[in-house]
Trainee: 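Take this structure, written in structure tokens, and hold onto it; I'll ask about it next.
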2 protein chains.
Amino acid sequence: MEHRSQCPVASGLDIFGDKWTLVVLRTIFAGRRRYSDLLAMPERISTNILADRLALLERQGLIAARPYQVNPLRHEYHLTAKGADILPILQAIARWSVKHIPGRWPLPDWFVTAEPQRYYPV
Amino acid sequence: MEHRSQCPVASGLDIFGDKWTLVVLRTIFAGRRRYSDLLAMPERISTNILADRLALLERQGLIAARPYQVNPLRHEYHLTAKGADILPILQAIARWSVKHIPGRWPLPDWFVTAEPQRYYPV
DNA sequence: CTGGTAACTTGCATAATACAAGTGAAGGGA
DNA sequence: TCCCTTCACTTGTATTATGCAAGTTACCAG
């Protein structure tokens, strides 16, 4: 966890400044919590990148793995408070894209009105 | 400009989803508009990456080069309306980092209260 | 003629990402 | 029992991106 500087913008991007990390979080916000569900996202993420990003997000404390079965042990990935607080970033990105890139999907209502608290762990 | 999907989040990240693009924009918001000023940012960007990102941002219409001298021709990089509208994304990232990463610089007041209109071209 | 600045470009090494295939544990059916 | 399938990965290799150092071009000052 070495940061390029103490700048809040640069430091955030040290964690999630790549093509996939925020897309994975978006998918978890949409309710997909298992590896296979995440793998089936329309953007076609590859298996090693998904596994790598889930491990990174867990290490950084943005998501937490919770078992949903044993034999064999499998888990769902849930947002932590730290991860749920990413929502305003996703909303800002989405608003920019809808305004400036033609042909984007319209934003679903639940996404526009959602607040991080809604996704905090119980 | 091929997008992975029509998703507004993923499409935005297709444009600025890397370690440097948003850091360069942040620096321009801070008033540094020339190549040498941008190169002097505390995060130590390398020359080829800076030149590449400026070309990309210009091609995508987020910044525009305006000459400030001839002989030799040199230009400053100014935000377009499309580029200025990135501000809410930077603000959301900065707020998240200040809250969740210890030791970040406090946000300057001008940054917290800034609005994209302030940076629109004249 | 030499040195300096600004804004790059080029070459090469290293790191990140993409794609295909393989692995291991379990379950179901013939 | 043997074979086939699913889930959640891991491994190997190719391609792309990034990082670092050095070189280039145009100009100006002394």
Side-chain angles (χ1 to χ4, degrees), chain A residues 1-5 10-11 13-28 31-60 63-78, chain B residues 1-5 9-28 31-60 63-78:
Chain A
M1 223 217 270
E2 336 120 30
H3 290 290
R4 285 174 287 183
S5 72
S11 298
L13 294 169
D14 285 334
I15 295 174
F16 50 74
D18 64 43
K19 275 183 121 55
W20 287 111
T21 303
L22 291 180
V23 175
V24 170
L25 284 173
R26 171 215 65 178
T27 311
I28 295 176
R32 300 190 155 95
R33 304 200 161 81
R34 299 180 185 184
Y35 185 91
S36 56
D37 295 335
L38 293 166
L39 197 62
M41 64 171 83
E43 289 84 10
R44 319 266 293 108
I45 191 172
S46 58
T47 57
N48 53 347
I49 300 294
L50 176 56
D52 181 85
R53 286 315 181 293
L54 289 171
L56 177 136
L57 286 168
E58 200 179 356
R59 211 165 55 239
Q60 296 282 351
I63 62 174
R66 285 216 303 245
Y68 68 91
Q69 72 167 41
V70 283
N71 269 332
L73 179 62
R74 303 235 166 108
H75 25 266
E76 293 178 327
Y77 300 98
H78 287 261
Chain B
M1 224 218 268
E2 336 120 30
H3 290 289
R4 286 174 285 183
S5 73
V9 171
S11 298
L13 294 169
D14 286 334
I15 295 174
F16 50 74
D18 63 42
K19 275 183 123 56
W20 287 112
T21 302
L22 291 179
V23 175
V24 169
L25 284 173
R26 171 215 65 177
T27 312
I28 294 175
R32 301 189 155 97
R33 301 185 218 288
R34 298 180 185 183
Y35 185 90
S36 55
D37 296 334
L38 293 166
L39 197 62
M41 65 172 82
E43 289 84 9
R44 321 265 293 110
I45 192 172
S46 59
T47 58
N48 53 347
I49 301 294
L50 176 57
D52 182 85
R53 286 316 177 306
L54 289 171
L56 178 136
L57 285 168
E58 201 180 356
R59 211 165 56 238
Q60 296 283 349
I63 61 174
R66 285 216 304 244
Y68 68 90
Q69 72 166 40
V70 284
N71 269 331
L73 179 62
R74 302 236 165 106
H75 25 266
E76 293 179 327
Y77 299 98
H78 287 261

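For clarity, every value in this text was computed on a predicted model and none was experimentally measured. Residue numbers begin at 1 in each chain, while the letters A, B, ... track the order of the sequences.
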Trainee: In whole angstroms, how far is the P atom of dA18(C) from the NZ atom of Lys19(A)?
Mentor: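 Going from Lys19(A) (NZ) to dA18(C) (P), I get 8 Å.
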Trainee: May I ask you to decide if Ser11(B)'s main-chain N or O and Ser5(B)'s side chain share a donor-acceptor pair within less than 3.5 Å?
Mentor: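 The answer is no, because no donor-acceptor pair under 3.5 Å joins these two groups.
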Trainee: What is the distance from atom CG of Leu38(B) to atom OG1 of Thr27(B), rounded to the nearest 0.5 Å?
Mentor: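 Interatomic distance, Leu38(B) CG to Thr27(B) OG1, rounded to 0.5 Å: 6.0 Å.
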Trainee: With a non-hydrogen cut-off below 4.0 angstrom, is Arg53(A) in contact with a base, only sugar-phosphate, or nothing?
Mentor: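 Sugar-phosphate, backbone atoms only, no base.
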Trainee: Atom CG of Leu73(B) to atom C1' of dA6(C): distance rounded to whole Å?
Mentor: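 After rounding, the reported distance stands at 12 Å.
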Trainee: If you measure from the Lys or Arg side-chain nitrogens to the Asp or Glu carboxylate oxygens, is any gap between Glu76(B) and Arg66(B) under 4.0 Å?
Mentor: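 Salt bridge between Glu76(B) and Arg66(B), a charged N being under 4.0 Å from a carboxylate O: no.
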Trainee: For the pair made of CD1 in Ile45(B) and P in dA7(C), what is the distance, rounded to whole Å?
Mentor: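 Checked: the CD1 to P distance equals 15 Å.
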Trainee: Given atom CD of Glu43(A) and atom P of dA18(C), what is their separation to the nearest angstrom?
Mentor: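 Distance check: Glu43(A) CD to dA18(C) P gives 12 Å.
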Trainee: Output the rounded distance in Å from CZ (Arg34(A)) to P (dC9(D)).
Mentor: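 Distance, rounded to whole Å: 12 Å.
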Trainee: Whether Trp20(B) contacts dA17(D) is assessed here as follows: a side-chain N or O lying under 4.0 Å from the phosphate OP1 or OP2. Is that the case?
Mentor: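 Indeed not, no polar side-chain atom of Trp20(B) lies that close.
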Trainee: Nearest-nucleotide wise, let me know which of Thr47(A) and Tyr68(B) is further upstream toward the 5' end of DNA chain C.
Mentor: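 On the 5' side of the pair lies Tyr68(B).
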Trainee: Whole angstroms only, please: what is the CG-P distance between Leu39(B) and dA21(D)?
Mentor: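 Leu39(B) atom CG is separated from dA21(D) atom P by 13 Å.
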Trainee: Nearest of dG12(D), dA6(C), dC20(D) to any side-chain atom of Ser46(B)?
Mentor: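 The answer is dC20(D).
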Trainee: Out of dT18(D), dT9(C), dC9(D), which nucleotide sits closest to the side chain of Ile49(B)?
Mentor: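 Within the option list, the nearest is dT18(D).
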Trainee: What is the distance, to the nearest angstrom, from the CZ atom on Arg4(B) to the C1' atom on dT17(C)?
Mentor: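 Atom-to-atom, Arg4(B) to dT17(C), this comes out as 12 Å.
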Trainee: To the nearest 0.5 Å, how far apart are OG1 in Thr21(A) and CG in Leu54(A)?
Mentor: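 It comes to 9.5 Å.
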Trainee: Check every strand shown and say whether Asp18(B) touches a base, only sugar-phosphate, or nothing at a heavy-atom separation below 4.0 Å.
Mentor: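 Sugar-phosphate only.
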Trainee: Please tell me which of the listed nucleotides, dC9(D), dG19(D), dC8(C), lies nearest to the side chain of Tyr77(B)?
Mentor: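 In terms of side-chain proximity for Tyr77(B), the closest of dC9(D), dG19(D), dC8(C) is dC8(C).
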Trainee: Counting distance only, does the side-chain N/O of Tyr35(B) pair as donor-acceptor with the main-chain N or O of Thr47(B) below 3.5 Å?
Mentor: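 Here the side-chain-to-backbone pair exists.
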Trainee: Just the rounded figure in Å: distance from P of dT10(D) to CG of Asp52(A).
Mentor: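 To the nearest whole Å, that distance equals 10 Å.
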Trainee: Side chain of Asn48(B): nearest nucleotide among dG19(D), dC8(C), dA18(C)?
Mentor: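 Closest nucleotide among those given: dG19(D).
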